[in-house]
Colleague: 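Here it is, the structure in full.
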Amino acid sequence: MSASAVFVLDLKGKVLICRNYKGDVDMSEIDHFFTLLMQQEEEGLLCPVMSHGSVHFLWIKHSNLYLVATTNKNSNASLVYSFLYKLVEVFTEYFKELEEESIQDNFVVVYELLDELMDFGFPQTTDSKILQEYITQKGNKLEVAKTKVPTTVTNAVSWRSEGIRYKKNEVFIDVIESINVLVNANGSVMSSDIVGSIKLKTMLSGMPELRLGLNDRALFALTGRDKGKTVSMEDVKFHQCVRLSRFESDRTISFIPPDGESELMSYRINTHVKPLIWIESVIEKFSHSRVEIMVKAKGQFKKQSVANNVEIHVPVPSDADSPKFKTSTGHAKYVPEKNLVVWSIKSFPGGKEFLIRAHFGLPSVERDEMEGKPPITVKFEIPYFTVSGIQVRYMKIIEKSGYQALPWVRYITQSGDYQLRTNS
Amino acid sequence: MPYFGSEEMVKELKRALSNPNVQADRLRYKNYITKVIRYMTQGLDVSALFMDMVKASATVDIVQKKLVYLYMCTYASDKPDLALLAINTLRKDCADPNPMVRGLALRNMCNFRMPGMTEYIEQPIVAGLRDKASYVRRVAVLGCAKMHSLQPNTEIDGTIVNELYALLRDPDPVVVVNCLCALEEILKDEGGVVINKPIAHHLLNRMKDLDSWAQSEVLTFLLRYHPRGDDELFDILSLLDAFLQSAHAHVAVATLRLFLHLASAHPAVQADALLRTSAPLLATCGAASRELRFAGLCHVQQVMRSQPGLFGMHYKRFFCGYSEPSYIKFRKMEILVELVNDENVALVLEELRSYCTDVSPELAQAAIAAIGRIARTYSEKCLDILTGLLALKQDHITSAVIQTFRDLVWFCPQSTAAVCQTVEACVDSPQDSEGKQALLWLLGEHGDQISSAPYVMEGYIDGLKTELSSAVKMELLTASVKMFLCRPAETQDMLGRLLHYCIAEEESDVCVRDRALLYYRLLQRGVEETRKVVTGPKSDPSMSVLTGRQEEPIRQWASTFNTLSPLAGRDLCPQTAVVSAADQPSSSAEKELLPESTDVTLSSPDDTEEEISLSLGPPLSHETFEKMWLDLEVLHRQTLGFPRPRTAPDTLQAALQLVKIQTLAFTPGDTVPWKAYIYTRSTGTLILAELLQAPGSDESLVVSVKQQPVNQHAIRVFVSILKSVLQTPNADSS
């Protein structure tokens, strides 16, 4: 993969911190990065790869930071991006939020992490759980050579340390499905799919062996056997810890789990799902005077279920003023900095229909600039329910000390990228 | 950036660091060191504190150690003499009982990028390679590569290379991968690390223990291995099968690349692999990270070059989301254009139509151009949309539509009549120079079909004084002349005015004036003469009956798959030696000797032509040579014009060895015909040659050269070196 150096820059292009791994690209090359970026932005041709001479910059943006890797080789680009995102992930786990301030406040730890994450341009230890065992944020305390190399750095099971202890042994299993929907302005569903994942929060002592049982329908879908009848899952991915050979031979998902939170598996179902919350909207714009908005939301799911924390974001023109709302339930708020009306409904039972009317004034002098047509987006969460029908049948936990452990299962269906285009 | 008063600050820090009271209070001392590093991070020059910092490295606090080491690495190259003072401390730390400290010290010592380090770091590295803690071994292995990069031109240390090869069997997976990377760096000039059968199988069996970075890395190295038979090939493929569905996009794509490469002789296997990875690829196209999404789209584009139908039914996945950045939208539109078929054309066009009114003018123009591309097949529907767009009366849209019309007429002459009708009805004229040029071209070329053409043109001629772009003026000249040829009566007067303005009045641009003069003199020669010169084809002459896009063979793109070049734009592709690696069916043995195709720098081939030297590299076995000799084509044959050297075989062999040409075999004494087989390496290519002196061929030597991969420049260098060597003993003996 060979990244030559990694830089963290602020929004003005100033280097906050950097690490030269290979020494084959001049560190001052980074000065060209921001100029190139500005130039491309002006031309409207921004690209995540930029080149200056023989040096290539691969960059990502996170909050108010640019993370840039330089290379002069024909490196594996997706690997470099994945690494940059890994950096973001690790830093975020350390500092809660990764932004300019947290980098400046924690530059010692950042240096330490950069040192362990990569050497000579090759990723080394990138698992933040393992890193946290030997790079800590004690701040002002002295650390007198407590620092043993953690066993995990060299363990056979690289994702779990030995000697973990909990008083109460528990596993929390979350089955989460996100619905992505794109609906055209004339109401036809352009694309829809489900992205599911099974997340674990493991609080178990020792080196437990876990076995997860799923319902048959899910398993058939997983293996794509029962084509035609049920939906088949595309693109199933397991955590590194799952023994793929066992799954191939007898369909059991067995593994030694990582400690704490992890994603055990993820899948995608590319199928035509009925949009769980259906939106009909009429946006009428009377130039120079007003905008009138009517949005109808309908819960297209079982009556017993309830969608929680529903938020419907309706775009309004940027020069709109004096908002007036009338809602049949929930409350509406105008967010001028995002040019949105946010209509929130705490609980939205299935089969119900709600309505909002909004009225905005428009200035008599119109702006020249064209405005985009942002879609209406919807956020929601429906507990105790999955669209695909996947279910956890059992979770067996075996550890050599023979303790009893409790598995807890929770199902949630939530909105992913849920967009409905508007006519206006 | 030197802050105001930064000198004061450094002085103050120096005072504090050397204050015995501060040194006694560990916490205070450490805080001052942290302060130094903070200033260093902010770009202040604190190199004056080097001596004090070296002293601070003698501590039990690991974080303080790290900070001091970091400081030293940063300033070592500026202060090599002072840095040498630190080396003793570092070497002592390399023998610390705590493996963490050992690893840290060794890593930082190797990071001192200054000449003369090698002698100090060699011994600790060798010791580190045998350390019982894998943490230290990881560091030591990469240390070997760092040591080599400090002195790239020195002889390769054979014992270290052997040790690294042995460490490929280390129980720690990261050590294994670091070994591969280090060997690759060290043996760069000899074609990189050799992956033979035992190594390949060992790596394949370790795959599942590795983390995702290591898997990706190993998969790339395995590209170099060629299984001996179909049985082995399919064993490997089934071992790798699970990784096609890896949770990490980069692993899945790297596996696909390896599949495509290994199965190059089995198109069915390749097709199956592509089919199975189409789901993960599509998933990357919807990844949460926009950069990975972008990378995924670029990969999809590459795959579509060979299998345009693979993603046909998933076309909706390539509809753009509102908040996606434009680089993703551009790629998605390019893909959509390729995926259009009879069933989805209506939906795709409707989608593209909605992009045409995007806020970003670049995006809107790209969407219009995309519709134009589809119009080459579905002209009627597209022309309706494009005409509808003109009614929006947005400058950038009008301009883009007119440009699209020009391209459409050029590539698809059957739509000319419809386009002309629309242009005639279009009231708005484009405001930017590209749009004006496009309109003028259309008017000039198809003036006979647009009845209002001369009047539009007249408007432009009258407004000439305010026109700034000389490209527009030139286009106007050409268009007017063309128009004059088909509608002389209406155009004559204005053409006269135009020429007069450009030649006699104050036209400052020489090019425009010259163009005007050219037409003026041409017209003086007569209308027929002008017609012969000015009128060209009205549509792309290379276009024949419209067919679907040619499906390219997979090997055309497989070599750059999953690298940077498809993302950085097609022109960056290193089309030099890389492609041929996949081109030729080759045996496993020679695969080992070939350079890694991914790590070729993205420079143009010309850059590498500056210096080509020959090198020996690992010896070839007789079998390998024979196999390659039979497989390859003769690239170059030349009669050298002098007989073979009459020296003893040993002398000749030694002479060739001096210029780094290895002798494999030659016929003894005076056997006729006399033959010799030799080989050498040069900048990543392997050159094989045969010297032949046949009877009756004027007693002259004939050299035939075969090479893999092809590099003509290297052959020329080789032949000239060979000639001079062969002539030297001749001169001696005579």
Colleague: Among V49(A), I17(A), D119(A), L84(A), which has the most heavy-atom pairs under 4.5 Å with chain B?
Modeller: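 Counting heavy-atom pairs under 4.5 Å, the top option is D119(A).
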Colleague: Any donor-acceptor pair under 3.5 Å linking the side-chain atoms of S78(A) with those of N562(B)?
Modeller: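 Result is yes, a qualifying pair exists.
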Colleague: At a 4.5 Å cut-off on heavy atoms, which part of K146(B) comes close to chain A: side chain, backbone, both, or neither?
Modeller: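 Both backbone and side chain.
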Colleague: Does a side chain donor of either N76(A) or E217(B) reach within less than 3.5 Å of an acceptor in the other side chain?
Modeller: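 Not at all, the side chains of N76(A) and E217(B) share no donor-acceptor pair under 3.5 Å.
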Colleague: To the nearest 0.5 Å, what is the distance between OG1 (T41(B)) and CD (Q104(A))?
Modeller: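 Those atoms lie 9.5 Å apart.
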Colleague: Report yes or no: does N74(A) contribute a side-chain atom to a donor-acceptor pair with the main-chain N or O of L564(B) at less than 3.5 Å?
Modeller: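 Yes, because the side chain of N74(A) sits within donor-acceptor range (under 3.5 Å) of the backbone of L564(B).
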Colleague: Answer with side chain, backbone, both or neither: which region of I60(A) has an atom nearer than 4.5 Å to a non-hydrogen atom of chain B?
Modeller: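 For I60(A), heavy atoms of backbone and side chain both lie under 4.5 Å from chain B.
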Colleague: How long is the straight-line distance from OH of Y135(B) back to OH of Y134(A), given to the nearest 0.5 Å?
Modeller: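 It comes to 5.0 Å.
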Colleague: Measure A249(B) against the heavy atoms of chain A and call it side chain, backbone, both or neither at under 4.5 Å.
Modeller: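 Neither part, no heavy atoms under 4.5 Å.
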Colleague: Within this structure, what is the CG-OH distance for the pair L70(B) and Y111(A), rounded to the nearest 0.5 Å?
Modeller: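 Taking CG in L70(B) and OH in Y111(A), the distance rounds to 5.5 Å.
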Colleague: Answer yes if the ring centres of F83(A) and W213(B) are under 6.0 angstrom apart, and no otherwise.
Modeller: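 Aromatic pair counts; centres sit under 6.0 Å.
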Colleague: Given that the side chain runs from C-beta out, which part of V8(A) has a heavy atom under 4.5 Å from chain B: side chain, backbone, both or neither?
Modeller: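 It is neither, since no heavy atom gets under 4.5 Å.
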Colleague: I'd like to know which of K208(B), H250(B), R276(B), E350(B) tops the heavy-atom pair count under 4.5 Å against chain A.
Modeller: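 Heavy-atom pairs under 4.5 Å are most numerous for H250(B).
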Colleague: What part of N180(A) gets within 4.5 angstrom of chain B, counting heavy atoms only: side chain, backbone, both, or neither?
Modeller: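 For N180(A), neither part sits under 4.5 Å from chain B.
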Colleague: Find the distance between OG (S191(A)) and OH (Y315(B)) and round it off to the nearest 0.5 Å.
Modeller: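 Here the rounded value is 10.0 Å.
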Colleague: Need one label for L67(B): side chain, backbone, both or neither, based on atoms under 4.5 Å from any heavy atom in chain A.
Modeller: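 The answer is the side chain of L67(B).
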Colleague: How far does CD of E362(B) sit from CD of E43(A), to the nearest 0.5 angstrom?
Modeller: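 E362(B) CD to E43(A) CD: 8.5 Å, rounded to 0.5 Å.
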Colleague: Give, as side chain, backbone, both or neither, the part of I328(B) having an atom under 4.5 angstrom from any heavy atom of chain A.
Modeller: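 Neither part; nothing is under 4.5 Å.
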Colleague: With no hydrogens and no angle check, is any side-chain donor or acceptor of K316(B) less than 3.5 Å from a backbone partner on M190(A)?
Modeller: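 Yes, because the side chain of K316(B) sits within donor-acceptor range (under 3.5 Å) of the backbone of M190(A).
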Colleague: What part of D417(A) gets within 4.5 angstrom of chain B, counting heavy atoms only: side chain, backbone, both, or neither?
Modeller: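 The answer is neither part of D417(A).
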Colleague: Has the side chain of Q240(A) got a donor or acceptor atom that lies under 3.5 Å from a matching backbone atom of L210(B)?
Modeller: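 Such a contact is found between Q240(A) side chain and L210(B) backbone.
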